[in-house]
Amino acid sequence: MRLLIVLAIGALFYFFQNLFFKKNWYKGLDVNVAFEKNIVREGDKNTLIEVVRNDKLLPLPVILVKFSLTRTFLFPRENNASVTDQYYRREYFTCRPFQSVTRKYTFTASKRGEYRISSVDVICKDFFFAENVFAGLNRFFSVLVLPGRIRDGEVPRDLLQLTGDIISRIKLLDDPFEFRGIREYQPYDSVNHINWKASAKSDVLQVNTFHTTNKRNVVILLNMETGIIRKGDVIAEAAIKIASYLATQFVSEQIPTALYTNGCDEDSKEQVSVEAGSDEGHIRNIDVALAKIKLAEMYEPFTKVLNRVISTDAELGNVNNEYIIISNYRKDDLIGQIDELKRLGYRIGIIVPEYNYNTISPLAENGTDVVKWGIDEEG
Amino acid sequence: MKDGNCNFLAEGANCIMVYIVCLTALFFGELLMKKSPGFFCALILGGIVAFCFLLRNVVSNFILYAILHLVVFGLLIFVPFSIGKIELLAFYLLFVILDFAFWMKQKKGTFAYVPLALIFLNALAYLYCDIKKNPGGMLFFFVLGILYFLFYYIRKFYANAAKLSKEKTQDERMPFSDMLRNGFGVAFPFVLLSVIVMILVRVDWIDQYAVRLYDFIIRIVGKAVLLVLSVLHWLSGLFVIETLESGLERAMGDFGQTESNPVLRILSAVVYIASLAVILFLVYKGIVALLKWIPRHRKLSPQVIEESDMVEIRERIVRSEPAHKEKLHRIRKKYKKTVEKAMGKGYEINRSHTPKERAFDMKEKTGGDINELTGLYEKIRYQEKA
């Protein structure tokens, strides 16, 4: 009898420790994967933070945390990951009782978009490293990568002229109710703007300055459809960057800027659009909207979007808006429609992102309202 | 610890298991043939197993390996010793055959892993000694059996650790040494506990203590039952229920004759096991609570490991200090009591007042100065919210 008990204890011991481990391993265990910044700009660095908390007496000798990330996040060392369509990370942890382990990895966000970690798998081995226990955490972590900034040196001279013309046209009229500040009198200033009190105090003629009326908006129309098959995504990404650049330029001059595109939001599957605005957060709004655009094979014909925007503006009485179309697609239907709108008196500028070795025919650069944005094949 | 070390330890544990199996077979065989088991023979057998183990781990040339085996085989044949020569030769031949077969499959390592089921050999030998009333033999095979279990678990641990260490090729940052330490920290006490329990089960004097404990628990429980029955009896007397009274008397009488009543014996055994389970559960909970309490309130500075692209911070999860809580409660309780006292004296509290406004108001209306207490109260309250 005793011998049987001894044998049973010896044999069942392993079974019991296994049972004990399976029952208790997940108690007090918390695995968290997050990003330091939820919004970053393309090319910026961000930090991936992995936290494993074991808030119990039982140590967990082996914890394997598995999750997938976009491959556009560039980590300096990629030994613990396999990179295929996604970046599959495998992280081994070990936790003593009541211990928290935090790992921080710095990476570079190399491409615009909204990226998520939708599920994290946690695999734990028992004390004899023999059996695996598994838990899937359906937590949601996301990071938004805004379009990259274009440096001033990269902007074509013609485009600078185009934006400069638009800004000066819009900012021609001062709004007497929007006081901006006081400055020294200049010969071109109107005499009725002289602030006599300020002039008397400083012994120098001072004039009041005003914000402009800004009754006219700039409408950026972004066509995601490209006329090319090979490396069309490079062109599309460049077009998004141009839209971001233009929005920054106009909004920083307090010009209300709107954005319309036939590109769709990845979540809502609806076309991205941002109403006109010029407040401090508007650049961020436009960048966020641009970041969420998903590249696709098929888009709604841009002519429809253009028609819709023009007719809506006409209904609202915004007939003096400045339109800037960013489109690589330049087939007859679109060109015909633009010509027709120009004939009707609409002011429309066209920016064509195109590879340096290609021409933008049938359009032609004219230095005023048609501009080519040259792109290297690498983007 | 490196992958190779884990593998070596697993192989070593397996080798000891092989040795235990051989030793059991050798001594059991000699017992069956009514020969006296020889210590010298066991020593030589151990040497042979160790030699085979080292040979497989050190020599990679097959010809050299075969020659060395032949040399040992020749030594066993030609060196003049009489005790257990045939048995040793038979064992060695078996080793060589198995080893050669294993060589064909795997170049490195030693013997194939022996299964746990071979423990039946020890059990058989133990039973044989029990029948033949050989306490020395029983103890010997019992110890061998315990060791077999012990090394089986050690081998399992290190063999799996060696497998796990191969994952390091995929993740070079894998904290393998820490994993091994943490795993061993739990696995080893488990193994030790099972070994201790196995030994305790066989120890005779434990029985006496078990019987004493049984008597003690039954006496205590019996007294408690009798007390409850007495109360019931008294209550039944109050309400004049004759049948219950007579039933209780009978029951009390029966409980006093536990030894002669088989139903009550079973009942007392159940009570004993249940009481023991409750005691063990409480002891377990007490130990766990103590172990939980000790590390949780001892702050340790976090350990930071920095690499070029990664920072790892290991820190202990520490709960808030109970002393701090107590202090916090004391001040808030004191404040509450003071305000309530003032209310008792007729002060009407305005719920919309801040503590400072209340202190001012109270001083104006009752003359009581609680400015200092209010200051402390605000500080504590603010800290808690922060």
Side-chain angles (χ1 to χ4, degrees), chain A residues 1-14 16-17 20-21 28 47-64 75-77 79-82 89-107 125-131, chain B residues 116 119-120 123 126-127 130 142 145-146 148-149 152-153 156-157 159-161 163-164 167-176 178-187 190-191 193-195 197-199 201-202 288 291-292 295-296 302 307-319:
Chain A
M1 183 62 187
R2 274 170 198 272
L3 186 70
L4 279 177
I5 295 171
V6 169
L7 286 175
I9 289 166
L12 290 177
F13 147 73
Y14 184 77
F16 280 123
Q17 73 83 24
F20 178 75
F21 184 80
T47 308
L48 175 73
I49 304 168
E50 300 162 356
V51 184
V52 177
R53 274 172 66 89
N54 181 30
D55 196 2
K56 63 172 173 295
L57 192 62
L58 191 75
L60 297 173
V62 182
I63 307 164
L64 174 61
F75 289 84
R77 284 157 74 186
N79 293 343
N80 57 341
S82 59
R89 283 189 79 86
R90 292 162 58 87
E91 293 280 346
Y92 278 98
F93 290 85
T94 180
C95 271
R96 289 178 185 176
F98 307 108
Q99 194 184 38
S100 153
V101 181
T102 307
R103 278 189 200 157
K104 293 179 180 179
Y105 292 94
T106 310
F107 67 89
K125 281 183 186 286
D126 67 3
F127 310 125
F128 286 85
F129 311 124
E131 286 194 42
Chain B
L116 184 63
I119 195 77
F120 87 93
Y126 182 89
L127 282 175
D130 198 10
F142 179 78
I146 297 280
Y148 193 79
F149 267 119
Y152 170 76
Y153 288 121
K156 195 172 186 70
F157 180 83
N160 288 326
K163 269 187 215 164
L164 180 70
E167 297 274 314
K168 214 169 177 196
T169 52
Q170 291 184 357
D171 179 7
E172 62 180 32
R173 285 201 193 94
M174 185 172 144
F176 182 66
D178 291 337
M179 284 175 177
L180 208 63
R181 207 176 302 130
N182 288 348
F184 194 78
V186 187
F190 258 107
V191 175
L193 189 72
S194 74
V195 167
V197 173
M198 282 194 277
I199 292 168
V201 167
R202 203 193 164 269
V288 167
L291 289 172
K292 271 185 181 177
R296 288 194 113 169
E307 285 181 29
S308 59
D309 62 327
M310 188 271 282
V311 179
E312 184 174 317
I313 304 157
R314 295 177 190 173
E315 52 197 337
R316 175 170 283 173
I317 301 165
V318 182
R319 289 274 165 90

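Reminder, nothing fancy here: chain letters follow the sequence lines and each chain counts from 1.
Only the side chain of B/F149 comes within less than 4.5 Å of a heavy atom of chain A; its backbone N, CA, C and O stay farther away. Neither the backbone nor the side chain of A/D126 comes within contact range of chain B, judged by heavy atoms closer than 4.5 Å. Of the two parts of B/I313, the backbone and the side chain both hold a non-hydrogen atom closer than 4.5 Å to a non-hydrogen atom of chain A. Heavy-atom distances place the side chain of B/F142, and not its backbone, under 4.5 Å from chain A. Residue A/F107 does not touch chain B at all, counting heavy-atom pairs closer than 4.5 Å. Of the atoms belonging to B/V195, not a single heavy atom falls under 4.5 Å from chain A.
Two residues are said to be in side-chain contact when any heavy atoms from C-beta on lie closer than 4.5 Å; A/R96 and B/R181 meet this criterion. Side-chain contact between B/E167 and A/R90: present, with at least one pair of heavy atoms (C-beta onward) separated by less than 4.5 Å. Contact of the A/F128 side chain with the B/V191 side chain is registered, since non-hydrogen atoms from C-beta on lie closer than 4.5 Å. A 4.5 Å side-chain heavy-atom check between B/I317 and A/Q99 finds every atom pair outside the cut-off. For the pair A/F129 and B/L180, the minimum side-chain heavy-atom distance is below 4.5 Å. Residues A/Y92 and B/P175 have side chains in contact (heavy-atom distance under 4.5 Å, counting atoms from C-beta outward).
In this structure, B/K156 is positioned above the aromatic face of A/Y14, its NZ or CZ under 6.0 Å from the six-membered ring centre and within 45° of the axis.
Once rounded to the nearest 0.5 Å, the distance linking CG of A/N54 with CZ of B/R316 reads 12.0 Å. Taken to the nearest 0.5 Å, the CD atom of B/E315 stands 15.0 Å off from the CZ atom of A/F98. How far CZ of A/F20 is from CZ of B/F190: 5.5 Å, rounded to the nearest 0.5 Å.
With salt bridges taken as basic N to acidic carboxylate O contacts below 4.0 Å, none links A/K104 and B/E312.
A/T94 and B/N182 form a side-chain donor-acceptor contact under 3.5 Å, judged by distance and modelled atom types alone.
In terms of non-hydrogen atom pairs under 4.5 Å with chain A, the most contact-rich of B/G183, B/G145, B/G185 is B/G183.
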Decide side chain to side chain contact (heavy atoms under 4.5 Å, CB included) for B/L164 and A/K125; before the verdict, give the C-alpha distance in whole Å, the side-chain angles of both, and the deciding distance to 0.1 Å.
CA-CA 10 Å; B/L164 180 70; A/K125 281 183 186 286; 3.6 Å; yes

